[in-house]
Every structure is written in C-alpha cells, then in structure tokens.
Amino acid sequence: MAIRPIITAPDDRLRQVSKPVASVDDGLRALMDDMLETMYDAPGIGLAAIQIGEPIRVIVMDIAGDEEEPAPQYFVNPEILDPAEEMNLHEEGCLSVPEFYEEVERPASCRVKYLDYDGKAQTLEAEGLLATCIQHEIDHLEGVLFIDHLSRLKRERILKKLKKEQRLAAAE
Ligand code: GNR
Ligand code: NI
C-alpha cells in the first residue's frame, strides 16, 4: 500500500471526465487500497481516483466517526438513482480544495448503484452525510468540484487564494 499525492485546484486534471472501469481485478483493488490509505492519511472521509491522477470511476469512503470502528466503502462505476426532490444544505470541504469550507445544497437522499470491492453489483440507500459525500465524490468523476455549486464570486475568490498559495509554496 502507498500514500499518493493529492492533486489540488486549480489543476486541469481535476476537470477530466473519468472513464468507466471494465473489470474489478487485483490491479484495481491495489489502487483502491492506496486510495483508502491516502484518504485516511489526509485525513478525509472520501476520495475519488482522479484526485490522485487516475481518471477512472472509482471512489473510496469512510464516514465512521472518530470513536467508531473504521468502515471503508468502495464504489466502482457508481450511478445515482432517484435523487430526492427534498434538498439539504451541508457544509463541505475537499482535499483538492484545501482549507475552504462552504455550504452546498444537494438532494437530501438518493440510491446508489455500483460495484463493490469484489466486483459484485450493489445498491445502497443514502441519506445524511452518506448522501452528501457520495454525491460530492460522483461529481469528481464528472470533473465537478464543490466550489462549482457556489456563486461565481465565491468560487473565483477561492481559486485566486489557492493560486496565490501555490505560487508562494513554489517559491520556497
Ligand atoms: O474529507 C472530506 N470531507 C467532506 C465533508 C463534507 C462533504 C464532502 C466531503 S468529501 C472530503 C474529501 C474529498 O475531497 N473527497 O473528494
Ligand atoms: Ni473532494
């Protein structure tokens, strides 16, 4: 297992539309293991493969609380079904948009169809933090970041600050 560097905005690679996975094999499981280790190290509660530069439709998540047992979840080729009409506001952050947190409105619940770690087809009912997080991650597969759900003014401000920080970091 290995911790891989996480790509941060603004980086064009995060804007790619990720490709479906053809088969869940040992190579893919090794990538999912690396993604989980990278996510725990960050730390974060979700990670899409594109965030470590792999443009394929794979997500790992663990939304268990600090006091709970780890509960890793793996989603290959996930699809959202039946998003609720009811919307929910939830504060979001992103490992690819470090240190910015903003409220985002999304469907309060949905179903998710996907392949699991063993390549078995599954569907899951998601609400609360799980629904927020899986929708945030599936956005990554389409090249969408949570800041795209904010006003243009807020998004531009965040991107400008991120660019400035990267300039300063590069000059060190
Ligand atoms: O760690 C993360 N926390 C989080 C909080 C609220 C809504 C979504 C997330 S996902 C984020 C990790 C990440 O960037 N995943 O793509
Ligand atoms: Ni993210």
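Read the numbers this way: they start at 1 and go in the same order the structure lists the ligands and their atoms.
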- What are the atoms of ligand 1, with element, lying closer than 4.0 Å to any heavy atom of Gly44?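 Counting atoms of ligand 1 from 1, those under 4.0 Å from Gly44 are 1 (O).
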- Pull out every atom of ligand 1 sitting under 4.0 Å from any heavy atom of Cys94, numbered as shown with elements.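 Counting from 1, the qualifying ligand atoms are 14 (O).
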I need the nearest protein heavy-atom contact for [atom]: residue, atom name and distance, please.
{"atom": "atom 14 (O) of ligand 1", "value": "Leu95 N, 2.8 Å"}
{"atom": "atom 7 (C) of ligand 1", "value": "Glu92 CG, 3.5 Å"}
{"atom": "atom 12 (C) of ligand 1", "value": "Gly46 O, 3.1 Å"}
{"atom": "atom 11 (C) of ligand 1", "value": "Gly93 O, 3.6 Å"}
{"atom": "atom 1 (O) of ligand 1", "value": "Ile45 N, 3.0 Å"}
{"atom": "atom 8 (C) of ligand 1", "value": "His136 ND1, 3.6 Å"}

Answer yes or no: is there a donor N or O on one side and an acceptor on the other, between the side chain of [X] and the main chain of [Y], under 3.5 Å?
{"X": "Arg57", "Y": "Val21", "result": "no"}
{"X": "Gln122", "Y": "Tyr114", "result": "no"}
{"X": "Glu165", "Y": "Leu162", "result": "no"}

- Task: Tell me yes or no: between the side chains of Asp33 and Tyr117, is some donor less than 3.5 Å from an acceptor?
- Result: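 A pair is found: one side chain offers a donor N or O, the other an acceptor, under 3.5 Å apart.
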- For Phe75, the option from Leu124, Val58, Leu141 that meets side chain to side chain contact (heavy atoms under 4.5 Å, CB included):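 Option passing the side chain to side chain contact (heavy atoms under 4.5 Å, CB included) with Phe75: Leu124.
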- Item | Option whose closest heavy atom lies nearest to atom 10 (S) of ligand 1, chosen from His140, Glu91, Glu137 |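 Nearest option to atom 10 (S) of ligand 1, by heavy atoms: Glu137.
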- Please note down the angle at the Ni ion (ligand 2) between SG of Cys94 and NE2 of His140, to the nearest 10°.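 His140 NE2 and Cys94 SG form an angle of 100° at the Ni ion (ligand 2).
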- Decide, yes or no, whether a salt bridge links Asp118 with Lys120 under the criterion of side-chain N to carboxylate O below 4.0 Å.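 Here Asp118 does not pair with Lys120 in a salt bridge, since their nearest N and O are not under 4.0 Å apart.
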- Pairwise distance CD(Glu137) to CG(Leu47) - rounded to 0.5 angstrom: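 So the gap between those two atoms works out to 7.0 Å.
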- Message: Within this structure, what is the CZ-CD distance for the pair Arg106 and Gln135, rounded to the nearest 0.5 Å?
- Response: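 Answer rounded to 0.5 Å: 6.0 Å.
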- Query: So is His90 polar-close to ligand 1, meaning N/O to N/O under 3.5 Å?
  - Reply: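 So ligand 1 has no N or O lying under 3.5 Å from an N or O of His90.
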